[in-house]
Protein chains: 2
Amino acid sequence: MTGETRVESHVKSHKVITLQSLSRACSDCRLQDLCLPIGISREDIDRLDSIVNRRRPLQRGTTLYDQGQHFDALYAVRSGSIKSFTRDDDGTEQINAFYLPGEILGLDAINANSHPGAAVALETTSVCELPFDRLHVLAQHVEGLQHQLLRIMSREINADERFMRVLANRNAEARLAGFLLNLSARYSIRGYSSTEFNLSMSRNDIGNYLGLAMETVSRLFTRFQQDGLIEAHRKAIRILQREALTGLADGSTPTDRINHGHGPT
Amino acid sequence: MTGETRVESHVKSHKVITLQSLSRACSDCRLQDLCLPIGISREDIDRLDSIVNRRRPLQRGTTLYDQGQHFDALYAVRSGSIKSFTRDDDGTEQINAFYLPGEILGLDAINANSHPGAAVALETTSVCELPFDRLHVLAQHVEGLQHQLLRIMSREINADERFMRVLANRNAEARLAGFLLNLSARYSIRGYSSTEFNLSMSRNDIGNYLGLAMETVSRLFTRFQQDGLIEAHRKAIRILQREALTGLADGSTPTDRINHGHGPT
DNA sequence: CGATTACTTGAGCTACATCAACCGTGGTGG
DNA sequence: CCACCACGGTTGATGTAGCTCAAGTAATCG
């Protein structure tokens, strides 16, 4: 049950349409209320449309952009998924984020006009390329687009802050539970099942992202499964007890770092 | 040697000017190349100026905005410092960031039109208030301002990603060393000493921010001092061996989570 | 079908959290 | 002006979550 298959079946029930044509225009895009066009008039969507390039699908493992590469475009994931990561001087990789359909990546490159990290497809993935200079000019004219751009960046900052909170405060089981619930929610918004999905990333990637050793991740998957919280067979995940997972994710403050008397000092 | 004193003495050496008048206009602001006006014409700076409100200084411990509060403005720190933090359901606080002069906060509120966290002054602090609706309209007309806004948000995303990398990969000593160097660099850019500064935040705050127990932070300060890397007396910090600190901060990968063969999976 | 890669499981060790006692300092009231 | 208190910080002792090393198993790919 890959993303692509689901897209087709989902859409076919309404009208016969190929995945190809489906994705030809923003105005027809199933993801448009997750992507840039929110709150933009039909007419302006067409203008946005005219600057968007649809790229041929990336094969699994293909680099969308490299670390240090000059920045010229943002990318919206149309289908598939992408990991974005930074390589340190010593070669250590750190994954910053996973991007799912409807999500936009490259925002961290605007500042220095170059990509601080690389982006690689985790599976067969197609993206829309949004040339930044043209987007920028368009946003000058289209009020809603400017706002939407700012909102999307703000949302990213939000997500990062939330995740920092997780890394600073939560133990391994809370991190993994939170990760699964987060994926579940993001799939759900996109019309996929919220209880059954495929992890496109490896255990290694998950551990790297969550700041855990791969072994720890593996053990936790096993334990969650033994406890009947999930069913996991390699990449295939089924969430059985959402409530229990939620409890793990934000309950049981492990490190109770409360700031007694919330003065500044 | 507080921030404020330094500002006055620094400026007085050029022309006699009070802190009050110094901060009356963006065009005169010593911080303008850190703040919004970069790459904006003199004329446009005046337009920006006209929408900025200067607030009376916040006393230490004063709340600039509260968690959940409606979002109407961004804030630029003029002098002093601010901590921004989120309170969880269970009352646990997590500090997201510390803001120094020239830095802009509130960016995470654009998305949902409400502040996901609170902001509190760590010492006597003055800020410029930038009403977002007016800023937004102005950015529509001033090309450079829109770009600058996007750049600033991108920079924040960058910083968050870097910090996530620290939280996920670095041990306690690397975190604290990195924290001190980061403050040092930020003070340096602002014209303050890069080797000698005051921590406006408590050990508790530092620990909370870095995902460490306060006791660990305290022990590390002691050790760094014993090893001759820094001199620390309560809030006053002097950096003695920058190189050694740098080594600690990014050397000695503690958890060598290298992604062998950087395919996707 | 063999080999490479992804994942799992086990055993032991260490970095850091936790709990607890103590110290220094700055502020307050007598 | 001093004594005391409260609070921020320091230091010590101990427990444990999760990392590391290591060996084995299952899936995938040529």
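Protein chains get the first letters and strands the later ones, always in sequence-line order, with residue 1 at the start of each.
- Protein atom CG of N204(A) is 13 Å distant from nucleotide atom P of dT5(C), rounded to whole Å.
- Here the side chain of E215(B) is nearest to one of dA17(C), dT25(C), dA20(C), namely dA20(C).
- Across the protein-nucleic acid pair, Q226(B) atom CD and dT11(D) atom C1' stand 11 Å apart, rounded to whole Å.
- With dC7(C), dT10(D), dT25(C) as the candidates, the nucleotide lying closest to the side chain of S218(B) is dT10(D).
- The nearest whole Å value for the distance from the CZ atom in R170(A) to the C1' atom in dA17(C) is 16 Å.
- Side-chain nitrogen and oxygen atoms of H233(B) include none within less than 4.0 Å of the OP1 or OP2 phosphate oxygen of dG9(D).
- Between K235(B) and the phosphate of dG8(D), there is no side-chain N or O to OP1/OP2 separation shorter than 4.0 Å.
- A straight line from CE of M214(A) to C1' of dA22(D) spans 12 Å, rounded to a whole angstrom.
- N96(A) and T86(A) share a donor-acceptor pair across their side chains, judged by distance under 3.5 Å alone.
- Checking dG18(D), dT9(C), dA27(D) against every side-chain atom of R219(A), the shortest atom distance belongs to dT9(C).
- Between the CZ atom of R175(A) and the P atom of dG18(D) there is a distance of 7 Å, given to the nearest Å.
- In this entry the distance linking CG of L176(B) with P of dT10(D) reads 11 Å, nearest Å.
- Across K83(B), R186(B), R155(B), R78(B), a single residue satisfies salt bridge (charged side-chain N to carboxylate O under 4.0 Å, His left out) together with E103(B), and that is R186(B).
- Rounded to a whole Å, the CG atom of L220(A) is 11 Å from the P atom of dT8(C).
- The side chain of T216(B) has dC16(C) as its nearest neighbour among dT25(C), dA6(C), dC16(C).
- In this structure, the ring of Y192(B) has its center no less than 6.0 angstrom from the ring center of F197(B).
- In this structure, F98(B) has its ring center at least 6.0 angstrom away from the ring center of F85(B).
- Within the 4.0 angstrom heavy-atom criterion, only backbone atoms of the sugar-phosphate kind lie near R234(B); the bases stay farther away.
- Judged by distance alone, the side chains of S184(B) and R242(B) do bring a donor and an acceptor atom under 3.5 Å apart.
- The nearest whole Å value for the distance from the CZ atom in R203(B) to the C1' atom in dC7(D) is 14 Å.
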